[in-house]
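Every chain is numbered from 1, with letters handed out A, B, ... down the list of sequences. A quick note: this is a predicted structure, and the numbers were derived from the prediction, not measured.
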Amino acid sequence: MLSSATCHVEAIMEARRAYPFDRIEPKWQRIWRERRVFRAANPGEPGAQKPKYYVLDMFPYPSGRGLHVGHLEGYTASDIVARYKRMRGFNVLHPMGWDAFGLPAEQHAIATGIHPRITTERNIANFRAQIEAMGFSYDWSREIKTTDPGYYRWTQWIFLQLFRRGLAYVAEAPVWYCPALQTVLANEEILPSPEGPVSERGHHPVERRPLRQWMLRITAYAERLLADLDLVEWPESIKEMQRNWIGRSEGAAIRFPIEGKDVSVEVFTTRPDTLFGATYLVLAPEHPLVSEITRPECRTAVEAYQQEVAKKSDLERSELSGGKTGVSLGSFAINPASRERIPVWIADYVLMSYGTGAIMAVPAHDERDYEFATLFGLPVRSVVRPADSSDPPARCFSGEGIACSSRFLDGLPTREAKKAMIAWLEEKGVGKRTVQYRLRDWLFSRQRYWGEPFPIIWRNGKAEAVPETELPVLLPERKEFSPEKGGFAPLSQEKSWVELPDGGRRETNTMPQWAGSCWYYLRYLDPANGQALVSPVAERYWMGPQGVDLYIGGAEHAVLHLLYARFWHKFLYDIGVVSTPEPFHRLVNQGIILGEDGRKMSKSFGNIVNPDGLLREYGADTVRLFEMFLGPLEQMKPWSSQGLEGPHRFLARVWRLVMEEDAEGRWTPRPGLSTEEAPLEVRRILHQTIRKVTDDLEQLSFHTAIAQMMILVNALTRQLVQWRCVLEPLILLLSPFAPHLCEELWSALGQTDSLAYARWPEADPRLLAEEEAEWVIQINGKVRGRMTAARSLGREEAEALARRRPEIEAWIEGKSVQKVVFVPGKLLNFVVGPS
RNA sequence: GCCCACGUGGUGGAAUGGCAGACACACGGGACUUAAAAUCCCGUGGGAGGCAACUCCCGUGUGGGUUCGAAUCCCACCGUGGGCACCA
């Protein structure tokens with residue numbers, strides 16, 4: 001009973017198999033693997049005399065859930081490009097590896113007691129099997145994983161170089177702490193949410209805590225990270241996000257002396273031209289000078305306010321909580337321009353972490369200052385008027401205009417006034433031109449087990465570098481993975497590892513997951529090198545002249561991985577390890593694939609598409625083709641399981657152009673393939689297809705390339721004979737998309753070599769230029785007729801021909817033709833008026 | 001609030017100043033078959049007229065503009081998605 005039901009199901013599965021993908025796909029995967037077809041040649045090896053092409057995927061974190069259709073989209077696109085470029089004669093580097101440190105494996109270990117290494121290995125094996133089943137042409141001899149000591153040795157090495165040059169340091173600062181994950185997180189790993197800030201991973205609530213942590217001085221590279229965005233071909237939206245994140249603003253630092261004290265408060269402003277309108281100062285409540293400046297009679301109120309602010313969460317401090325608060329310090333500062341006494345306040349709308357932690361308030365020209373001044377009855381002095389009005393505006397005006405009531409600035413437009421004021425400040429020695437960035441230093445330590453140990457030993461309260469010869473500092477084995485209560489890292493429990501005989505203690509924090517992914521694209525170039533992270537020869541060959549030629553991945557890393565990696569790359573450039581200022585020349589983001597219901601794929605919606613079932617039912621070539629046929633690569637698009645039928649039927653049609661099935665269900669090459677030249681209209685459509693597919697591949701417009709191949713195949717299906725000279729180029733054109741099927745047909749046509757390095761077909765320009773064209777004839781811009789005539793027709797001939805056509809005559813009859821627009825080879829437009 | 005994308009049939013999309021809807025899904029009809037599946041062929045934006053081949057009108061979020069001609073360029077608005085948000 002049971003077995004007959006199984007037989008029945010198998011019979012159905014067998015019946016719906018339109019071509020034997022289940023046999024040919026594993027076959028060709030085995031051949032590619034055994035013959036090492038996709039090994040890329042390093043300098044000195046045969047093949048390295050070709051020009052190089054480096055096409056890179058964002059390597060995955062091997063999660064327990066396996067690959068999803070979104071991964072497959074990006075990986076299929078990059079694989080198509082890799083296969084295409086090989087056929088165009090490039091030595092293609094197309095590697096894959098594993099971003100294998102990270103929180104999920106560690107959380108799983110805490111829950112189950114299974115070592116993260118074991119889960120990670122298991123997940124990697126699963127990912128690799130899925131990737132191989134898709135037929136991707138990776139050079140597996142270059143596979144890397146970030147958890148490998150031979151790899152993280154060099155992650156630690158880079159950290160040491162940063163440390164030596166003062167770019168890695170320990171500081172106590174208010175940092176984001178996540179109680180659920182029991183670790184600190186970087187600014188870039190925090191997301192806003194209606195309930196307040198949450199962690200990027202897991203969406204747990206996070207809070208500010210003052211802690212001593214390792215920081216990387218990414219701010220030292222702010223200017224170059226900003227300026228060099230002009231060197232790369234990235235989506236404008238990603239560049240813009242990085243620009244906003246870096247947040248450069250030009251202005252002036254101005255010192256305000258405090259009346260009766262020997263101190264002054266420095267403020268940063270982008271509007272030095274409004275200095276004459278500065279009617280009070282505001283310091284951040286945490287500003288170090290607050291206690292010194294506060295008058296005795298205000299001290300109680302000020303301290304109470306400071307405590308109140310310290311208790312507030314960041315959410316409460318943000319504008320969502322409504323009105324502004326603050327208290328006066330009772331003291332006065334001197335406005336260096338107007339010489340006026342102006343009061344000094346503290347308020348939590350001024351942040352200690354930006355600029356100097358103090359501002360000059362110009363309520364007439366800043367919305368926030370205006371709101372505060374109105375609330376506390378502080379004076380408002382207008383010093384800029386709009387360019388189109390002679391009067392200063394009644395309320396706050398924050399735009400650019402003309403300076404007024406500002407003595408030596410009067411009459412100057414804002415831009416000029418800023419320059420004049422900065423010159424004046426510099427001359428008087430009370431201020432100077434300054435550039436500020438929103439970017440903060442990168443919080444680099446985590447209180448977790450499953451990460452790279454820091455190569456640092458503490459002696460007498462000082463951090464010392466572990467000698468490079470002792471790298472890697474190995475992550476010790478553990479059975480217990482929970483972080484200690486109170487923010488101590490798990491490694492601190494590993495006494496025999498932490499405590500050194502000479503009294504030194506190892507650093508017990510580990511690096512964040514981003515560390516390993518900051519430079520992995522360099523290790524692929526020379527993955528087994530034990531002397532250096534990459535040999536200079538391999539680096540110059542693969543990274544020259546502009547770095548990775550094409551980098552495909554998700555947009556979610558816009559200000560995380562992509563900013564961090566640029567920072568490390570620029571540092572490695574400065575110390576001579578790499579030869580290009582930017583790592584990734586051309587970046588393309590694949591769009592998110594939504595569930596069938598149009599919502600984001602998620603467990604809670606139950607709309608996640610598992611690729612394994614699709615591969616069984618349709619085969620890898622169909623899944624690859626369909627992923628590309630969904631729509632433009634960069635666009636967000638919904639999945640459609642029904643839609644798979646189209647590409648599947650298309651591949652089966654291609655198969656049947658070459659193969660035929662006998663009575664026993666065996667497929668054999670069709671006898672009677674013509675070796676003659678195909679008719680002109682068939683050759684013409686073939687060469688149009690060659691041209692279109694080639695152009696579209698260069699632009700990564702895969703879905704339109706597929707559509708064109710469908711047009712060609714539909715035309716061939718209608719023919720009674722098939723021609724070898726048409727089928728061969730078609731198979732080559734299709735092979736980057738559906739490599740297994742094409743390899744099988746290629747060998748069925750008698751070819752003995754893999755087509756992976758076969759020469760890409762070239763379009764014959766003579767066949768593209770058609771002599772006849774279909775001309776469109778318009779009357780007043782509306783199509784009223786068409787005619788087939790020579791493409792080369794001149795204006796007069798074309799017009800005369802068109803006028804003779806009855807459908808056109810009818811429209812012109814009795815009207816006056818005022819003008820005739822002529823587009824050679826394409827179109828005529830008669831502009832007619834009433835009679 | 002500010003910045004950036006995007007808006008086209010029942011659906012995914014094509015066309016980026018010159019034939020709107022290529023290609024595909026879905027749907028409908030037909031051929032083959034004892035039957036079904038598969039395959040192949042035909043139709044498929046809306047409306048009006050005609051027995052018919054066909055003809056005309058409307059139509060690319062909404063309103064305006066530029067142009068002989070606009071899905072495409074410009075202005076305003078509406079909607080969707082993403083990013084930033086007291087950064088002085």
Side-chain angles (χ1 to χ4, degrees), chain A residues 12 15-18 191-192 235-245 247-249 251 267-271 274 282 284 317-321 324 347-351 353-362 365-369 371-372 398 436-440 555-556 558-559 591-592 594 598 600 626 629-632 634-647 649-650 652-653 656 661 701 703-711 713-714 717-718 774-786 807 810 818-823 826-832:
Chain A
I12 289 172
R16 50 163 298 102
R17 204 154 285 158
L191 298 174
E236 202 46 45
S237 60
I238 300 281
K239 287 191 184 186
E240 202 53 32
M241 275 195 248
Q242 291 214 349
R243 286 192 194 107
N244 291 338
W245 191 261
R248 181 184 201 272
S249 46
V267 305
F268 173 73
T269 177
T270 54
R271 292 296 299 270
T274 63
V282 188
R317 261 185 91 155
S318 83
E319 61 179 329
L320 296 171
S321 62
K324 292 192 164 37
D348 66 1
Y349 81 92
V350 174
L351 308 174
S353 52
Y354 183 76
T356 59
I359 61 155
M360 64 178 209
V362 186
H365 304 292
D366 182 285
E367 303 283 351
R368 297 151 302 180
D369 298 344
E371 188 193 335
F372 192 79
S398 56
Q436 278 291 336
Y437 301 91
R438 204 189 76 110
L439 183 69
R440 308 291 149 81
E556 66 274 17
V559 290
I592 297 171
L594 304 171
K600 213 168 190 162
F626 177 62
F629 194 60
L630 272 177
E634 302 194 53
Q635 189 173 301
M636 178 189 288
K637 42 205 176 282
W639 183 263
S640 154
S641 290
Q642 257 181 351
L644 274 150
E645 291 292 344
R649 286 201 274 254
F650 164 71
R653 268 205 291 276
R656 290 194 308 267
E661 198 173 16
S701 180
H703 64 306
T704 50
I706 295 166
Q708 179 63 39
M709 288 189 278
M710 286 174 168
I711 291 171
V713 170
N714 288 346
T717 307
R718 280 190 280 271
E774 187 166 67
W775 291 72
V776 171
I777 308 162
Q778 298 182 331
I779 307 293
N780 288 339
K782 284 199 156 91
V783 181
R784 296 300 181 189
R786 47 198 88 212
E807 73 269 24
Q818 291 157 356
K819 184 177 169 185
V820 180
V821 180
F822 173 72
V823 182
K826 274 189 179 167
L827 172 140
L828 279 171
N829 184 15
F830 291 87
V831 183
V832 303

Trainee: Using the C1' atom in both, what is the distance from A20(B) to U60(B), to the nearest Å?
Mentor: 7 Å
Trainee: Using whole Å, report how far CG of Asn244(A) lies from P of G82(B).
Mentor: 17 Å
Trainee: Is Arg718(A) close enough to U39(B) that one of its side-chain N or O atoms is under 4.0 Å from OP1 or OP2 there?
Mentor: no
Trainee: Categorize Ser640(A) for me: base, sugar-phosphate, or nothing, with a 4.0 angstrom heavy-atom threshold over every strand shown.
Mentor: nothing
Trainee: Take Gly646(A) and Gln436(A), find for each the nucleotide of RNA chain B with the closest heavy atom, and name the residue whose nucleotide sits nearer the 5' end.
Mentor: Gly646(A)
Trainee: Round to a whole Å and report the spacing from CD1 of Ile592(A) to P of G81(B).
Mentor: 12 Å
Trainee: Just the dot-bracket of RNA chain B, please: which string comes out with Watson-Crick or G-U pairs under 3.5 Å, [ ] for crossing, | for another strand?
Mentor: (((((((..(((.....[....))).(((((.......))))).(((((....)))))..(((((..]....))))))))))))....
Trainee: Could you check if a side-chain atom of Arg653(A) sits within less than 4.5 angstrom of a side-chain atom of Asn714(A), using non-hydrogen atoms only?
Mentor: yes
Trainee: If I compare all heavy atoms of Glu634(A) with all of Pro235(A), which pair ends up nearest, and what's the gap?
Mentor: OE1-CG, 4.3 Å
Trainee: Could you state the atom-to-atom distance from CG of Leu594(A) to C1' of G82(B) in whole Å?
Mentor: 13 Å
Trainee: Just how far, in rounded Å, is P of U67(B) from NZ of Lys782(A)?
Mentor: 18 Å
Trainee: Output the rounded distance in Å from CH2 (Trp639(A)) to P (A26(B)).
Mentor: 15 Å
Trainee: Taking the side chain as C-beta and beyond, is there a heavy-atom pair between Phe650(A) and Phe626(A) under 4.5 Å?
Mentor: no
Trainee: Should Ser237(A) be listed as having a side-chain N or O under 4.0 Å from OP1 or OP2 of G82(B)?
Mentor: no
Trainee: Can you tell me how far C1' in C57(B) sits from the matching atom in G61(B), rounded to whole Å?
Mentor: 22 Å
Trainee: Both Met710(A) and Tyr437(A) contact RNA chain B. Taking the nearest nucleotide for each, which residue is further toward the 5' end?
Mentor: Met710(A)
Trainee: Polar atoms only, N or O, under 3.5 Å: list the protein pairs with nucleotides 27-32 of chain B and their distances.
Mentor:
none

Trainee: Quote, to the nearest angstrom, the P distance that separates A53(B) from C58(B).
Mentor: 22 Å
Trainee: Might you point out which heavy atoms bring Thr270(A) and Ser249(A) nearest each other, and give the distance in Å?
Mentor: CG2-CB, 4.0 Å
Trainee: Hey, does Leu828(A) have a side-chain heavy atom less than 4.5 Å from the side chain of Val776(A)?
Mentor: no
Trainee: Can you tell me, in whole Å, how much space there is between the C1' of G64(B) and that of G13(B)?
Mentor: 29 Å
Trainee: Do Gln778(A) and Val821(A) come close enough that some side-chain heavy atom pair is under 4.5 Å?
Mentor: no
Trainee: When you check the phosphate oxygens OP1 and OP2 of C40(B), does a side-chain N or O of Arg653(A) lie under 4.0 Å from one of them?
Mentor: yes
Trainee: Give me the distance, rounded to whole Å, that separates C25(B) from U80(B) when you measure between the P atoms they each carry.
Mentor: 32 Å
Trainee: Show the nearest heavy-atom pair for residues Leu630(A) and Pro638(A), with the distance to one decimal.
Mentor: CD2-O, 3.7 Å
Trainee: When you check the glycosidic angle of G83(B), does it come out syn, meaning within 90° of 0, or anti?
Mentor: anti
Trainee: Take nucleotides 6-19 of chain B nucleotide by nucleotide from the 5' end and write B, S or -, depending on whether a protein heavy atom sits under 4.0 Å from the base, only from the sugar-phosphate, or from neither.
Mentor: ------BSS---BB
Trainee: Describe the nucleic acid contact of Ser353(A) in one word from base, sugar-phosphate, nothing, applying a heavy-atom distance below 4.0 Å.
Mentor: nothing
Trainee: Output yes when at least one side-chain N/O atom of Asn714(A) is less than 4.0 Å from OP1 or OP2 of A22(B), else no.
Mentor: no
Trainee: Return the minimal non-hydrogen interatomic distance between Asn829(A) and Asn780(A), and the atom names on each side.
Mentor: OD1-N, 3.4 Å
Trainee: Could you tell me how far apart Asn780(A) (CG) and A70(B) (P) are, to the nearest whole angstrom?
Mentor: 11 Å
Trainee: Evaluate the side-chain proximity of Ile359(A) to Tyr354(A): yes if any heavy-atom separation is below 4.5 Å, no if none is.
Mentor: no
Trainee: Say we look at C75(B) and C4(B): how far apart would their P atoms be, to the nearest angstrom?
Mentor: 12 Å
Trainee: Does Arg656(A) place a side-chain N or O at less than 4.0 Å from the phosphate oxygens OP1/OP2 of C40(B)?
Mentor: yes
Trainee: It should be established whether Arg649(A) places a side-chain nitrogen or oxygen under 4.0 Å from OP1 or OP2 of nucleotide A38(B).
Mentor: no
Trainee: Could you work out the separation of C86(B) and U11(B) based on their P atoms and round it to a whole Å?
Mentor: 40 Å
Trainee: Hey, what do you get for NZ (Lys826(A)) to CH2 (Trp775(A)), rounding to the nearest 0.5 Å?
Mentor: 11.0 Å
Trainee: Given C23(B), A88(B), C84(B), which nucleotide is nearest the side-chain atoms of Arg438(A)?
Mentor: C84(B)
Trainee: Please give, in whole Å, the distance from G1(B) C1' to Glu371(A) CD?
Mentor: 13 Å
Trainee: Starting at CZ of Arg656(A), measure out to OG1 of Thr717(A) and round the result to the nearest 0.5 Å.
Mentor: 8.0 Å
Trainee: At less than 4.0 Å, is any side-chain N or O atom of Arg784(A) found next to OP1 or OP2 of C57(B)? Yes or no.
Mentor: yes
Trainee: Specify the closest pair of heavy atoms between Ala558(A) and Gln242(A), including all atoms of both residues, with the distance to one decimal.
Mentor: O-NE2, 2.8 Å
Trainee: Restricting to non-hydrogen atoms, name the atom on Asn244(A) and the atom on Arg438(A) that form the minimum distance, rounded to 0.1 Å.
Mentor: O-NE, 3.4 Å
Trainee: In whole Å, I'd like the distance from the CE atom of Met360(A) to the C1' atom of A88(B).
Mentor: 9 Å
Trainee: For a quick check of understanding: with a heavy-atom distance under 4.0 Å over all strands, which category does Asp369(A) fall into, base, sugar-phosphate or nothing?
Mentor: nothing
Trainee: Which value, rounded to the nearest 0.5 Å, describes the distance between Lys600(A) atom NZ and Met636(A) atom CE?
Mentor: 6.5 Å
Trainee: Considering only the P atoms, how many Å lie between G79(B) and G63(B), rounded to the nearest integer?
Mentor: 16 Å
